[in-house]
> 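Would you mind keeping the following structure in view while I ask a few things?
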Protein chains: 4
Amino acid sequence: MTEKRRRRVPRQVREQQMIDVAIRVFAKRGYHAASVDEIADLAGVSKPMVYLYLDSKENLFVACVRRESQRLAGAFQQAAREKASPDERLRAGLAAFFGFVHEHRDSWVVLHRQASELSERIAAEVSAARRMVMAEVAGLVRDGIAESPNPARLGEDDADFVAHALVGAADSLTDWLENHPDESPERVTLRLMNMAWVGMRNVLGGEVWASPASAKR
Amino acid sequence: MTEKRRRRVPRQVREQQMIDVAIRVFAKRGYHAASVDEIADLAGVSKPMVYLYLDSKENLFVACVRRESQRLAGAFQQAAREKASPDERLRAGLAAFFGFVHEHRDSWVVLHRQASELSERIAAEVSAARRMVMAEVAGLVRDGIAESPNPARLGEDDADFVAHALVGAADSLTDWLENHPDESPERVTLRLMNMAWVGMRNVLGGEVWASPASAKR
Amino acid sequence: MTEKRRRRVPRQVREQQMIDVAIRVFAKRGYHAASVDEIADLAGVSKPMVYLYLDSKENLFVACVRRESQRLAGAFQQAAREKASPDERLRAGLAAFFGFVHEHRDSWVVLHRQASELSERIAAEVSAARRMVMAEVAGLVRDGIAESPNPARLGEDDADFVAHALVGAADSLTDWLENHPDESPERVTLRLMNMAWVGMRNVLGGEVWASPASAKR
Amino acid sequence: MTEKRRRRVPRQVREQQMIDVAIRVFAKRGYHAASVDEIADLAGVSKPMVYLYLDSKENLFVACVRRESQRLAGAFQQAAREKASPDERLRAGLAAFFGFVHEHRDSWVVLHRQASELSERIAAEVSAARRMVMAEVAGLVRDGIAESPNPARLGEDDADFVAHALVGAADSLTDWLENHPDESPERVTLRLMNMAWVGMRNVLGGEVWASPASAKR
DNA sequence: TATGAATGAGCCTTCATTCAT
DNA sequence: AATGAATGAAGGCTCATTCAT
């Protein structure tokens with residue numbers, strides 16, 4: 001145990017402390033390798049407390065996933081809400097996403113990278129959280145497409161495609177961000193917008209990529 | 001054990017069988033949840049054989065990672081080698097990537113998604129494999145940039161940035177591919193090229209994204 | 001907790017409530033599987049109350065055993081007291097026994113079936129209760145024997161033997177009773193009296209069982 | 001662990017050793033209080049061996065119940081088979097029962113006294129074993145009744161009633177036997193036959209118990 | 001080349017019990 | 001009179017790993 005004298009703490013507070021710690025530990029070790037012992041220890045309580053409040057390791061993990069996915073979605077929506085144009089909303093949403101993932105690495109790891117080692121129930125919960133995030137992005141993309149010069153050319157699936165690409169890119173770029181301390185989430189967002197969104201607009205405008213070979217024809 | 005009569009099989013063959021099975025099991029269950037018992041069982045041998053040939057679970061996992069990362073890199077290089085223009089090389093490389101990841105889901109999962117539940121030694125190995133893949137893509141991107149109208153504007157880091165974005169997008173799009181049986185790795189590649197590469201060329205050409213607001217000024 | 005608002009309740013009442021519930025729970029789950037948590041819950045109090053009033057799980061169990069064994073003995077004695085002849089007393093006693101065991105299954109289970117999973121102290125307490133019951137029956141049997149035509153032929157031990165047989169039979173017949181809703185404790189008593197007591201009288205009168213083979217000689 | 005050097009022992013043997021020990025421990029402590037640790041220890045193996053061979057505590061218990069109930073039934077049937085008359089068969093059966101229960105106290109405890117603390121699955125298994133024993137006895141009783149002077153007066157249920165009474169009495173008398181070292185299972189059987197069977201025959205013959213009061217009328 | 005037998009260590013979970021209010 | 005917060009201890013189960021053959 002961390003050597004602080006444990007004081008009596010009301011349930012609601014303790015519960016959040018436990019989840020805080022759990023996120024860190026799950027992120028660091030992965031679901032299976034994480035031990036409830038360690039979580040209890042770092043939270044400054046004994047193991048039975050964890051079970052008293054959170055019922056089981058599985059449930060504890062689900063609690064982490066739920067809380068963080070809602071936080072992420074919240075950040076996302078709040079950022080997007082304030083903007084007027086779809087372009088700006090997408091940018092703000094992506095920035096919020098980057099910001100959250102950058103600020104809360106552990107949460108994102110718990111939400112995203114806990115691939116396959118999970119029981120079906122948990123996997124479902126994680127999938128749901130993932131889908132929620134994806135849906136937010138896809139919504140923004142759809143709006144952006146709708147305002148483009150040529151909206152008819154792209155449909156539901158295309159928004160989804162772009163959303164997947166953006167989220168995947170963003171996820172991967174978080175690693176990149178870590179190695180580039182001079183960059184900020186905002187700048188990364190701009191770069192990504194330039195790379196992806198400008199491309200998209202051009203595609204919507206009719207320009208398509210073609211191999212140089214065929215281009216010469 | 002699977003009910004085949006085990007015949008005496010030379011070491012090299014058995015070893016590969018074990019790795020084949022191990023990749024499947026590691027992908028399905030995750031590193032920790034995977035049990036050597038199950039791997040030995042599915043490989044049709046007894047556990048001591050696994051230890052005799054692969055020394056430890058950790059080592060077995062490393063063997064999986066090494067073999068598959070080399071296969072992926074191989075596919076990548078071979079695809080790129082045949083093409084002349086940087087554009088085409090990049091497309092071919094991405095297509096090879098998609099093809100591999102699509103064909104060998106398990107391998108990719110082992111290479112990529114086994115996020116954090118690994119010991120430091122293994123994590124290092126996986127990171128190395130990941131960096132290798134990233135370096136291949138970054139190389140192609142760099143070549144593409146070099147041939148662009150305005151190469152000076154982008155540097156080493158930008159290639160890396162784009163590579164991260166592309167690999168991340170590609171990874172995420174693999175999930176998308178799974179839900180769209182009508183699509184093929186090739187078509188996804190094209191879509192991604194359109195979305196990302198066209199954008200990049202335009203950026204290189206000087207066009208940048210600006211919020212509609214600032215655009216109006 | 002059961003959702004009643006707990007009002008301040010005087011100790012004596014609460015204590016009995018707890019024992020009431022405890023008997024049910026101990027009977028249903030067995031000593032070890034019963035949890036103080038569940039008992040407190042069903043009694044509508046918090047766990048510390050249980051410990052305040054009953055000191056320990058062991059003690060709580062002993063309290064149950066004591067109360068119920070006294071109830072059983074009481075029922076027994078009262079039933080027997082009213083009758084004049086030993087025969088009638090035995091019948092009335094057995095009937096009381098059946099009545100109690102049938103009416104208070106849980107109590108009987110706690111008194112009788114909690115075989116061996118108990119600490120020495122508790123086991124002793126249960127044994128004592130059991131012996132008390134047995135002694136009551138043996139007393140009645142002894143009286144009956146004393147009035148028989150040939151009392152000298154049977155002694156102390158024989159009363160004990162018969163008492164054991166009767167109590168064992170009665171216990172087992174309680175199960176039988178459960179599957180025969182048309183029967184009543186009174187009718188079962190009569191049947192048992194017929195089967196056992198008539199036999200006894202005959203034995204006392206000199207008739208003994210002999211294998212048919214030897215009978216033919 | 002018992003300080004014998006554990007030697008490699010073939011599975012079949014070890015399995016039986018484990019069950020042997022398990023019966024002792026389950027009988028002594030009850031299902032819940034028994035710990036797999038103790039069983040493994042006394043069997044001279046480590047806990048994982050127990051799980052390797054018997055899968056779970058529950059399963060281990062079921063294995064005990066199955067093996068012993070079959071042994072008991074076997075003893076029963078073999079004893080009864082050799083005799084010609086129903087009377088003799090019943091006596092031999094009861095004697096076998098007493099003999100078994102006396103010789104294998106632990107087995108009988110496991111079969112009979114593990115009242116309620118068991119999961120549904122186990123309870124079912126124990127019930128089945130109990131019913132099997134009861135059915136054997138009821139069969140013998142039925143045969144005896146069939147040869148009685150007045151078979152028509154008693155039916156299916158009566159055999160069952162008597163069987164319950166006999167088994168219950170026998171069970172209870174086992175305790176009595178323990179305190180009377182001069183007695184033997186055979187003698188107890190005779191006594192019980194005298195007490196119960198003679199009574200039954202008389203009942204079948206028309207004699208019934210009546211309270212002395214009513215008798216005098 | 002191959003395996004049946006065996007275990008130390010660790011993890012999830014639960015329970016009886018107490019402390020501070 | 002009453003309870004929410006908290007824990008030491010133990011138990012069931014599994015796993016990576018080895019030994020002897």
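Every chain is numbered from 1, with letters handed out A, B, ... down the list of sequences.
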> Among residues at least two apart in sequence or on other chains, which ones pass side chain to side chain donor-acceptor pair (under 3.5 Å) with C/Ser107?
C/Glu68
> To the nearest Å, how far apart are A/Ile39 CD1 and E/dC11 P?
11 Å
> I'd like to check the side chain to side chain donor-acceptor pair (under 3.5 Å) partners of D/Arg24; sequence neighbours left out, ordered by chain and number.
none
> What is the separation between atom NE2 on B/His32 and atom P on F/dT14, rounded to the nearest whole Å?
17 Å
> Nearest-Å distance, CZ (C/Arg8) to P (F/dA1)?
8 Å
> Want to settle it: does C/Pro48 or B/Pro48 sit nearer the 5' end of DNA chain F, counting the closest nucleotide to each?
C/Pro48
> Where each residue is assigned the nucleotide of DNA chain E containing its nearest heavy atom, which of D/Arg11 and A/Val36 is assigned the position nearer the 5′ end?
D/Arg11
> Any salt bridge linking A/Asp37 with A/Lys47? Criterion: basic side-chain nitrogen under 4.0 Å from a carboxylate oxygen.
yes
> What I'd like to find out is whether the side chain of D/Phe61 reaches to under 4.5 Å of the side chain of D/Val110, using heavy atoms alone.
yes
> Could you tell me if B/Lys57 sits above the aromatic ring of B/Tyr31, with its cationic atom closer than 6.0 Å to the ring centre and no more than 45 degrees from the axis?
yes
> Starting at atom CG of A/Leu52, determine the distance to atom P of E/dC12, rounded to an integer number of angstrom.
18 Å
> What nucleic acid atoms does B/Pro10 come within less than 4.0 Å of, heavy atoms only: base, sugar-phosphate, or nothing?
nothing
> Between C/Arg14 and F/dA2, is there a contact of a side-chain N or O with OP1 or OP2 at under 4.0 Å?
yes
> Does F/dT14 have OP1 or OP2 sitting under 4.0 Å from an N or O in the side chain of D/Tyr51?
no
> Name the nucleic acid region contacted by D/Ala34, choosing base, sugar-phosphate or nothing; use a 4.0 angstrom heavy-atom cut-off, strictly under.
sugar-phosphate
> Which comes earlier along DNA chain F counting from the 5' end, the contact point of D/Lys47 or that of C/Met49, where each point is its nearest nucleotide?
C/Met49
> F/dG11 P sits how many Å from D/Phe26 CZ, rounded?
13 Å
> As a test of understanding, state which of D/Asp41, D/Val50, D/Leu42 forms a side-chain contact (heavy atoms from CB on, under 4.5 Å) with D/Val21.
D/Leu42
> In whole angstroms, how far is the C1' atom of F/dT7 from the CE atom of A/Met18?
12 Å
> Apply side chain to side chain contact (heavy atoms under 4.5 Å, CB included) to C/Asn59 and list each qualifying residue two or more places apart in sequence or on a separate chain.
C/Asp55, C/Ser56, C/Arg121
> Calculate the interatomic distance between A/Asp37 atom CG and E/dC12 atom P; express it in whole Å.
7 Å
> DNA chain E: stems of at least 3 consecutive Watson-Crick or G-U pairs, cut-off 3.5 Å?
E:2-21 with F:2-21
> As an exercise, state the distance from CE of B/Met18 to CD of B/Glu15, rounded to the nearest 0.5 Å.
7.5 Å
> Residues of residues 53-65 of chain C with any non-hydrogen atom less than 4.0 angstrom from an atom of DNA chain E: list those, numerically ordered, please.
C/Ser56, C/Lys57
> Going by the rule side chain to side chain donor-acceptor pair (under 3.5 Å), which residues pair with C/Gln70 if we only count those two or more places apart in sequence or in a different chain?
none
> Can you find a heavy atom in the side chain of D/Arg67 that is under 4.5 Å from one in the side chain of D/Gln16?
yes
> Atom CG of B/Asp41 to atom P of E/dT3: distance rounded to whole Å?
11 Å
